[in-house]
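Input: a single structure, listed below in structure tokens.
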Amino acid sequence: MYITVAELADYLELPEAYLQQQIQLGHIKAFHDGKQQLINRDQFMWHKEQLDVKRKQLAAEMEEPLPEDWDAKDED
């Protein structure tokens with residue numbers, strides 16, 4: 001199923017102009033059916049889910065404490 005840029009803008013609460021710019025830059029895959037730009041909804045949702053997973057992983061890594069530095073001088 002395909003959705004229009006306007007529908008995606010409503011869903012993401014972003015301006016249509018921003019999404020058009022992202023399409024032109026190649027960050028969002030879309031095709032033109034002769035009247036409007038269409039985006040594959042399933043592909044976009046899968047990509048969004050992958051980004052959400054990566055964001056959660058990054059947040060978890062940022063919460064981990066840094067390991068203590070070992071001092072090489074103490075081992076001699």
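This is a predicted model, so every value here is computed, not measured. For this chain, numbers begin at 1 and follow the sequence in order.
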Checklist entry - What distance separates E64 CD from E61 CD, expressed to the nearest 0.5 Å? => result 6.5 Å
Next on the checklist: Let me check something: do F31 and I28 share a hydrophobic cluster, defined by ILVMFWY side-chain heavy atoms less than 4.5 Å apart, either directly or through other members?
Outcome noted: no
In residues 19-26, what donor-acceptor pairs under 3.5 Å come from side-chain atoms, sequence neighbours left out?
residue : atom : partner : partner atom : Å
Q22     : OE1  : H27     : ND1          : 2.6

Item to check | Residue pair R41, Y11: steps toward the side chain to side chain contact (heavy atoms under 4.5 Å, CB included) verdict | outcome: CA-CA 11 Å; R41 185 183 68 147; Y11 175 74; over 6 Å; no
Checklist entry - About how many Å separate CG of L38 and OG1 of T4, when rounded to the nearest 0.5 Å? => result 7.5 Å
Checklist entry - What distance separates L8 CG from E13 CD, expressed to the nearest 0.5 Å? => result 11.5 Å
Checklist entry - How close do Q36 and D33 get, heavy atom to heavy atom, and via which atoms? => result N-OD1, 2.9 Å
Item to check | Residues in side-chain contact (heavy atoms from CB on, under 4.5 Å) contact with N40, at least two apart in sequence or another chain | outcome: Y2, D42, Q43
Next on the checklist: Using salt bridge (Lys or Arg N to Asp or Glu O under 4.0 Å), reason through K56 and D52 one step at a time and then give a plain yes or no.
Outcome noted: CA-CA 6 Å; K56 287 178 185 176; D52 290 342; over 6 Å; no
Next on the checklist: My understanding is that a hydrophobic cluster links ILVMFWY residues whose side chain heavy atoms are under 4.5 Å apart, including indirect links. Using that, what else belongs to the cluster containing W46?
Outcome noted: none
Checklist entry - Taking all atoms of both residues into account, what is the closest heavy-atom pair of P15 and A9, and its distance? => result C-CB, 4.4 Å
Checklist entry - Please walk me through it: do Y18 and L12 pass side chain to side chain contact (heavy atoms under 4.5 Å, CB included)? => result CA-CA 11 Å; Y18 174 76; L12 296 176; over 6 Å; no
